[in-house]
Number of protein chains: 2
Amino acid sequence: MATIYEVSKLAGVSLATVSRVMNNNANVSDATREKVTRAMTELGYRPNSIAQSLASNCSNSVGLLVSELHGPFYGPMMSGIETAFRKQGKHVIIAAGHSNEEREQQAIEFLISRNCDALILHVEAISDDYLIELSKGKTPFVLINRYIAELSSRCIILDNVKGGYLAAKYVLEQGHTDIAYISGPLWKKDAQDRLTGHKQALAEYNLSFNEQLLYQGDFMEDGGAAGFQYLHNNGPQFTALICANDEMATGAMATARECKLKLPEQLSIMGYDNVFFTRHVYPPLSTINYPINEMGRMAADWVLSNVYQKNTPPLQTLFEPELIIRQSVLTHPQ
Amino acid sequence: MATIYEVSKLAGVSLATVSRVMNNNANVSDATREKVTRAMTELGYRPNSIAQSLASNCSNSVGLLVSELHGPFYGPMMSGIETAFRKQGKHVIIAAGHSNEEREQQAIEFLISRNCDALILHVEAISDDYLIELSKGKTPFVLINRYIAELSSRCIILDNVKGGYLAAKYVLEQGHTDIAYISGPLWKKDAQDRLTGHKQALAEYNLSFNEQLLYQGDFMEDGGAAGFQYLHNNGPQFTALICANDEMATGAMATARECKLKLPEQLSIMGYDNVFFTRHVYPPLSTINYPINEMGRMAADWVLSNVYQKNTPPLQTLFEPELIIRQSVLTHPQ
DNA sequence: GTTATAAATGTAAGCGCTTACATTTAATGT
DNA sequence: ACATTAAATGTAAGCGCTTACATTTATAAC
């Protein structure tokens, strides 16, 4: 592999000049720029990005931490991020935290030790304190789907209260009054918020929230299954079930069907996230759209703007959920 | 950030010695190792991986190129790979090729310019020739789901002929004789192979393959939808439809249902890949398992073994498909 | 034609490590 | 105790770039 040295020799200029044309910043005369470019192509020169990083103290890499690399939620997020960065010649290093505190911490340290210029984090288990502490370090980061007041300007979030509200309101509008709810783990802010929104809508309809119709799930399929089972056996009657995310809705649907319920005739079901496969389940699931791809792009823009001083479209930090109507919720026959 | 220099000063030894304890290779006495380690923790020293890379000419990074970062197929693959590498302190740089020749090439060049020690490629559009040429370069790579005779030892593949055979055989065993087939793009080797296996099974049952019952799809949902539409309108009758992958099966199911067919009663459907959401569609889709997660891990092991000289479990290059029976295929009433 | 000023280029010192080689120290045999 | 050999440590030259600063060259002003 040719080095900058050989290029400079062939072109008959100094190292610095070659470097200048590479980074086309300083003033280089058209003539020498031409000479150098020609020498580069002649030698098939490709700059060594490692050396560039060491000398410039900038690795051009950003670390991306998600809970899982698989799973319907993270794909679109990573996708949005990778696209935005590659356009700018930055690369993304991925790591998975598996919703586990220790592993999330390890992943962050791994990414930092890899000299990432910035981090994009979707973390669940790690504490606010850790993140606040981290923010004092030298590696800047953005948070996706997590709000910490002290770090508010770098939190890219969805208005989950509103999402919860939208879901419940829609179901209420269809005439349902006996509505069960399977929440996420309530120590998670997003799970709380969605429930808050849910209750808000209920209140608007002058319905009180029945604690017996609440089951605390885990945001995973099994939680939905267990939740339905529990509510079906122990709770009061209900004609609609709202789940705090799509996977739980899917689990609940499968179990409901096992219990010989006809869907959606005997039970309306509502999801949350609008994960891509919701179109494919049967009946196609009505849900709340979570614009995770856009939020990923926004996170990328955040670092492009704040870390790499690039011009980007205006940054946005709060995203809006949106109701997606499909066929899993039926009008309740008065 | 403390550097190796400060550590050496604090510990009262030379740079080289510190480097030695870091890479714990050479002979260092326990006493000095101890001294150095203490100095390191005292200073909170973390080696600068960029500098290490430059000096050692090894970036400890491997490039991973997939068609899409989202999509049900790639998630488990990336997951297997990331896990394997992080355990060994290697990091993975991801890029998406979008099944497009130019973008795949760009991505490969990007990854190489990033000084990846090795590449793991899941490419579709790029030519064999390009890859053969690439193999002469200095960056080693493995191919997933692609077989090139000249590069056979670095091709990690599934026996797609067998998979196609398995799917057809199962449907035949259920008594179906009029079987439609939606293939992938037939210029792709895997699409061809699956079809070959399909025909093989048919032949075993003394059934001739009816070209009118074949539709060439695109491995995407829309292709499945269009395929069903076409076959339904133009082809002879059929009681079963085999699709060359799950997304097309999903598309076909949706369209079949729009045409008022009852599934699976009026049409049995078979998929391929066993992508995770096949459990969730209705009726749950019978399919062929593609052990993509394991294959990803194997690709990682390949580079760990061949590039980083690590000990790994024995390498395997050919994986076996497996029949997954769910509820989308019904016994054909004689 | 000078001088002042800006533009273009060159020089050389790093960036923080690894590693070949040289040197010192310890271990072993006699 | 001395020579021989192995183990432990040190020295210093890179790895391929960037960039502050110095120098040279072109441009403008008078």
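In what follows, every chain begins at residue 1, and chains take the letters A, B, ... in the order their sequences are listed. Nothing here was measured: the structure is a model prediction, and the numbers come from that model.
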Open item on the list: Looking at B:Arg38 and B:Glu34, is any side-chain nitrogen of the basic one under 4.0 Å from a carboxylate oxygen of the acidic one?
Closed with: yes
Task: Any B:Asn48 side-chain N or O less than 4.0 Å from OP1/OP2 of C:dC17 - done: no
Show every donor-acceptor pair shorter than 3.5 Å between a side-chain atom in residues 9-17 of chain B and any protein atom, with sequence neighbours excluded, or say none if there are none.
from, atom 1, to, atom 2, distance (Å)
B:Ser14, OG, B:Ala16, N, 3.4
B:Ser14, OG, B:Thr17, N, 3.4
B:Ser14, OG, B:Thr17, OG1, 3.3

- [ ] Mind checking side chain to side chain donor-acceptor pair (under 3.5 Å) for A:Lys188 and listing every partner two or more places apart, or none if nothing turns up?
- [x] A:Glu124
Task: Nearest-nucleotide 5' precedence on DNA chain D, B:Asp30 against B:Ser56 - done: B:Asp30
TODO: Report yes if the side chains of A:Ile4 and A:Ser19 come closer than 4.5 Å at any heavy-atom pair, otherwise no.
DONE: yes
TODO: Count the heavy atoms of every other residue, nucleotide or ligand shown that sit under 6.0 Å from CE of A:Met22, and state whether that count exceeds 12.
DONE: yes
Task: Within the 6.0 Å centroid threshold, strictly below: A:Tyr74 and A:His122 - done: yes
- [ ] Quantify the bending of the helix from C:dG1-D:dC30 to C:dT30-D:dA1 as the angle between its end axes, each fitted on five pairs, to 10°.
- [x] 30°
Open item on the list: Under 4.0 Å between a side-chain nitrogen and a carboxylate oxygen: does that hold for B:Asp128 and B:Arg146?
Closed with: yes
- [ ] Mind calculating the distance between CD1 (B:Ile4) and P (C:dT19) to the nearest angstrom?
- [x] 11 Å
Task: Nearest-nucleotide pick for B:Ser19, side chain only, options being C:dG16, D:dC17, C:dT19 - done: C:dT19
Task: Spacing of B:Met40 atom CE relative to C:dG16 atom C1', expressed in whole Å - done: 13 Å
Task: Rounded distance in Å - CG (A:Leu54) to P (C:dC15) - done: 9 Å
Task: Side-chain N or O of B:Gln52 closer than 4.0 Å to phosphate OP1/OP2 of C:dG16 - done: no
TODO: Ignoring backbone atoms, test whether B:Asn23 places a side-chain nitrogen or oxygen under 4.0 Å from the OP1 or OP2 oxygen of C:dT18.
DONE: yes
Task: Nucleotide of D:dA8, C:dT9, D:dT18 approaching A:Ser29 most closely (side-chain heavy atoms) - done: C:dT9
- [ ] Starting at atom CG of A:Asn115, determine the distance to atom P of C:dG16, rounded to an integer number of angstrom.
- [x] 10 Å
Open item on the list: Rounding to an integer number of Å, can you tell me how far A:Lys9 NZ sits from D:dC17 P?
Closed with: 15 Å
Pairs under 3.5 angstrom only: tabulate donor-acceptor contacts from the side chains of residues 291-299 of chain B to other protein residues two or more places apart or in another chain.
from, atom 1, to, atom 2, distance (Å)
B:Asn293, OD1, B:Arg297, NH1, 3.0
B:Asn293, ND2, B:Pro76, O, 2.9

Nucleotide N/O of nucleotides 23-28 of chain D paired with protein N/O under 3.5 Å:
none

TODO: Give a yes/no on whether any side-chain N or O of A:Asn57 is located under 4.0 angstrom from OP1 or OP2 of C:dC15.
DONE: no
Task: Spacing between A:Leu43 atom CG and D:dG16 atom C1', to the nearest angstrom - done: 15 Å
Open item on the list: For B:Asn160 and B:Tyr290, which I'm curious about, is there any donor-acceptor pair between the side chains at under 3.5 Å?
Closed with: no
Open item on the list: From OH of A:Tyr5 over to P of D:dG16, roughly how many Å is that when rounded to an integer?
Closed with: 13 Å
Open item on the list: Less than 4.5 Å apart, side chain to side chain, heavy atoms only: is that true for B:Leu119 and B:Ile108?
Closed with: yes
Task: Side-chain touch B:Ile156/B:Val142, heavy atoms, less than 4.5 angstrom - done: yes
- [ ] Tell me which nucleotide among D:dT9, C:dT19, D:dG16 gets nearest to the side chain of B:Thr32.
- [x] D:dT9
- [ ] Could you check how far CD of B:Glu6 sits from C1' of C:dC15, rounded to whole Å?
- [x] 13 Å
Can you tabulate the close N/O pairs, meaning under 3.5 Å, that link protein atoms to atoms of nucleotides 10-14 of chain D?
from, atom 1, to, atom 2, distance (Å)
D:dG10, OP2, B:Ser14, N, 2.7
D:dG10, OP2, B:Ser14, OG, 3.1
D:dG10, OP2, B:Thr17, OG1, 2.8
D:dG10, N7, B:Arg20, NH1, 3.4
D:dG10, O6, B:Arg20, NH2, 2.5

Open item on the list: Under a 3.5 Å cutoff, is there a donor and acceptor pairing between the side chains of A:Asp190 and A:Tyr147?
Closed with: no
